[in-house]
Amino acid sequence: MRAASRTLMPSAIAHWLGVRAIAIAPEQVAVREGLRAGVAVGTVMLVALYLHMPLMAWSAFAAFWTCLVDPGGLLRSRLETMLKFAALGTVISGSVSAAAGFGMLPAFVALGVSVLGCALLRLRGATATQIGVLAAIVAVVAVCYPFPPEVAVRLSGLFALGAIWATLICVLAWPVDPYMPLRLACSAVLREEERMMRRLLDYMKPGAPDMEQESASIGAFRREIRSRIERTRGRIEILSADAISSRTRATLLPAIEACDRIFIALIAFEHAVLSGETSHAARRTVRVVTTTLHRMAREAQRPEPRPERLHRQQRLLARIAEQDADLFGKGAHVCAQAVQELITAWQTLSPPHAQPTGQTVSGRPRPAAVPRAQGLRHAARLCVSVLVAYAISLKLDLPYAYWAMMAVVVVTQPSVTTTLPRTIERVIGSIAGGLLAAVMGVLLPVWSILLLIFPLAAATIALRSVNYTLCVMFMTQLFVLVTDLVSPGLGWDVALARAINNIIGSLVGLAGCFLLWPERRGAPLAAQVADAFRANIRYAALATGPEILSWHQIESARRKAGTTSTVAEIQCQTARLEGLRRSDQIGKAREILFLLRKLAGAASVWWMEKTPEPTQAVRQRADLYSRLAERFDPTEQTSSGPAPLTDATLDDLLTLLRKLDLAELDDEHIKAVSQGHPL
C-alpha cells in the first residue's frame, strides 16, 4: 500500500500541494495500524446491530478514538497513553451526559470545564495534547446526549468497553516496528533529493523547458527538503540512550547527516544547470548521484541497513571525482565523502542487544510542551469557542450539533498560521466525505454499509499521518455511515448536517483565533525576508572567503541561510492564504527569496570551486561579499550607523540582488552599498 500510495501520488502533485502549504507524506501510510482500527470498530458495530443497541455506537466511537490516540512507539508508552485516554473519556462521557440531562446551564458548565481541562493538557507535551484533544471531542459529543444519571453511567460503561476492546486489539494484534515511521521519514528525505535530481535530468535534456519559469517549483523543492531534513534530524536527536533507541539513533543520524551533506552538492548542480550546463559528463554525474540516493533511501528504511550495498556507488562517485576537475566532479567528491562516512558509521554499529519485544526502559525525554502563557491562552480560547459553537447550534436547532463543536476542537490551534490551513483542509475533507457518504447511504443496502465500516476505519487511521484532508474525508464517511446504521432512514440529511456543522464549527474556531486573545504575531514578512537576506549574504561571504573551509566549518552558515529562507517563504505563503493582502509586497518578497535561493546555490558552487590561489575576479567577489556581510550584520549597526532593514527597503534589496544575480560586481550602486552608503 505504501508503494501504491507513492505511485498514485506523483511527486509533482505532492510539490504542487507543498507550494500551497498543504502537507502530504505518502510514505507514512500505516497499514497495520489501519487494520487494527478496522477490526476494533467493525466488530463493535456488528455486536451493536446484532443486539439492536443504537447506544452501543458509543463503543464504536470509543474504539475508534482509542486507535486514534495510539501514539505508536514502544509498548509501555502506548499502553499508558491508551489507558489514560480510556479512563479520562469514561469519566467525561458519563459526567457531561448526566450534567446535560439536568438542564442547559449545567450542560454549559460541564462542557466548559471539561474542554478547558482537556486543553490545559497541552502544557504537558505532545502525547498529553493528543489525549486532551480527543477527550475534548468526547465531551462535545456527550453534551449532545443528555441522559438521567443511571443512563449516563451506562453510557460511560459502553465507552469504557469500546476503549478497552480497542486497547487489547492494538496491543495484541499485528505488532509493528515502533521506529518504522522515523525510518520512513529519513528515507523520504533521500527520495525527495532523488526526485530533485531526476527532475534536473529532465531539464538537462535537449528542448527542456526554461528553469527560470519554474522558480516557484525550484524554491518549493529546496524548502521542502530543508524543512524535512531539520524536522527529521530533530526527531532522531531526541531518541534516548536505551538499547533499542540508541541503535536506531546511531543508524538514522548518520543517514540524515549524509543527506544534508549531499544536499549542498545538489544545490550546486541545480545552480549550474540553471546557468546552462548540460554536458554529457554533467548528466552522467547527476545519474550516478540519483542512483546513489535511491539506494541510500532503500537501505535507510531497513531495521538493519546493509552498508555493502553502497560500496559500488561510492566507488563510482570517487572515480568521477578523480576524472573530472569541474564543478560536477567536485560535487561528486562531496557526495562520495558523505556516502563513505555513512558506510563507516553503519559498519561500526554494535550488534543489536537482545530485548523482549515491546519492552522499553526509562530515560526517554518527554516531548517539549508549549510555553505556559501560550497554553493558557489557547485553552481559554478553545473553551470560549466551543461554548459559542454550542450556543449557535442550540439557537439554530442544528441536528448533530457535536460535529460543529468537534470542528472547533480540531481546527483551533495555538497559532493562526496553523489554524487557517487546518480550517481549509477540514472544510474540504468534510464536504467531500459527506457527499460520498450521502451517496452510499442512499444507494447501498444496510449489509454493504456495514461492510464499509471496516475499510473506512482502517483508511482513516492509516492516512492520519499522510494528509489531514484525506483523513477527515474518510473519517466523515465513517461517522456518517455509523450514524446512519444506528438511525436508519436519514440518508442525505446526515451528510448534509455534517458538512454544514463542520463549516460552522471551522469558521467559529478560526474567528476565535483571530478575535479571542490573539497571540503576538511574529516578525512581519519584510523583517523575515531581511533576516534571510543577511543569512544568505553571510553564507556567500564565508563561501567566497580566502580560507578553504571544511564542511563542518561552513555547515552552520549554510543551514542558517536555508532555514531563514524557509521561514520567510512559509510566512509569504501564509500572507497569501490570509487573503492576498499586500500583494505587491508579497510579489517582491517572493522574487527576493527566489534570488536568495539562487545566491545560496552560487555560494555552494563557489565553496566547492575554491582553490588555494584564487584569481583576481574571485578575490574581487570575496571582498565584495565580505563587505556586504559586514554592512548588513546587525551587530555592527549602531545608533549612528546604517538603519536596519525595514519594510521600506524591499525595493532596494530586490535591486541589489538583481544586480548581484547578473554578476555586476563593478556596479557603482553595489560598491556604494557595500561601503556603508544608504540603500
Side-chain angles (χ1 to χ4, degrees), residues 15 18-19 21 23 25 185-186 188-190 192-193 196 215-238 252-253 255-268 270-271 334 338 368 415 417-418 421 521-543 549 551-575 589-604 607 625 628-629 632-635 644-645 653 657:
H15 286 292
V19 171
C186 187
V189 182
L190 291 162
E192 284 299 299
E193 291 188 348
M196 180 178 175
S215 59
S217 181
I218 291 172
F221 258 93
R222 294 191 189 178
R223 180 177 69 247
E224 184 171 355
I225 293 173
R226 167 53 51 199
S227 298
R228 284 195 174 202
I229 288 174
E230 297 302 329
R231 287 198 306 268
T232 307
R233 179 189 281 116
R235 292 172 60 188
I236 295 171
E237 287 177 343
I238 66 172
L252 296 182
L253 195 55
I256 203 66
E257 294 298 338
C259 175
D260 198 2
R261 188 166 183 175
I262 291 174
F263 189 43
I264 191 173
L266 305 192
I267 292 175
E270 192 174 66
H271 180 79
V334 171
S415 173
T417 56
T418 52
R521 300 300 295 271
L525 176 61
Q528 293 185 354
V529 171
D531 288 340
F533 176 85
R534 293 189 189 97
N536 280 273
I537 290 293
R538 176 63 178 165
Y539 173 46
L542 289 176
L549 302 177
W551 159 258
H552 299 289
Q553 288 174 307
I554 203 171
E555 180 187 16
S556 176
R558 182 187 61 84
R559 286 180 62 185
K560 186 173 182 180
T563 52
T564 53
S565 295
T566 296
V567 169
E569 287 169 347
I570 292 173
Q571 177 65 19
C572 192
Q573 293 294 334
T574 302
R590 292 181 68 190
E591 185 174 356
I592 289 172
L593 292 170
F594 171 65
L595 291 174
L596 289 177
R597 292 290 187 185
K598 289 184 65 177
L599 177 61
S604 301
W607 174 67
Y625 280 102
L628 285 173
F632 294 111
D633 187 349
T635 61
L645 298 174
L653 287 181
L657 285 171

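This chain uses plain numbering: 1 for the first residue, then up along the sequence.
- With values rounded to the nearest 0.5 angstrom, Gln528 atom CD is found 11.5 Å from Thr566 atom OG1.
- Side-chain contact between Leu599 and Tyr625: present, with at least one pair of heavy atoms (C-beta onward) separated by less than 4.5 Å.
- Using modelled atom types, one side-chain atom of Arg534 and one backbone atom of Phe632 make a donor-acceptor pair closer than 3.5 Å.
- For Ala543, the side-chain contact (heavy atoms from CB on, under 4.5 Å) test picks out Ile554, Ala603, Trp607, with sequence neighbours left out.
- A side-chain donor-acceptor contact under 3.5 Å links Thr563 to the backbone of Lys560.
- Here Leu252 contributes atom CG and Thr232 contributes atom OG1; the two are 9.5 Å apart, rounded to the nearest 0.5 Å.
- Residue Asn536 comes nearest to Ser565 through the heavy atom pair ND2-OG, 3.0 Å, listed as atom of the first residue, atom of the second, then distance.
- To the nearest 0.5 Å, the span separating CZ on Phe263 from CD1 on Ile225 amounts to 5.0 Å.
- In plain terms, the two heavy atoms of Ala535 and Thr564 that are nearest each other are CB-OG1, 3.4 Å.
- A salt bridge links Arg226 to Glu230: one of the charged nitrogens lies within less than 4.0 Å of a carboxylate oxygen.
- In this structure, the side chains of Asp260 and Val189 stay at 4.5 Å or more apart for every pair of heavy atoms.
- Residues Ile256 and Cys186 come closest through the heavy atom pair N-SG, 4.2 Å.
- Rounding to the nearest 0.5 Å gives a distance of 11.0 Å between CG of Leu653 and CG of Leu595.
- Note that CD1 of Ile229 and CG of Leu190 are 8.5 Å apart. Values are rounded to the nearest 0.5 Å.
- For the residue pair Ile264 and Ser604, the shortest heavy atom distance occurs at CG1-OG, 3.5 Å.
- Among all heavy-atom pairs drawn from Glu193 and Cys259, the shortest one is OE2-O, 2.9 Å.
- Contact detail for Tyr539 and Ala561: the closest heavy-atom pair is CB-CB, 4.1 Å.
- Looking at Ile236 and Glu257, their side chains never come closer than 4.5 Å, going by heavy atoms from C-beta outward.
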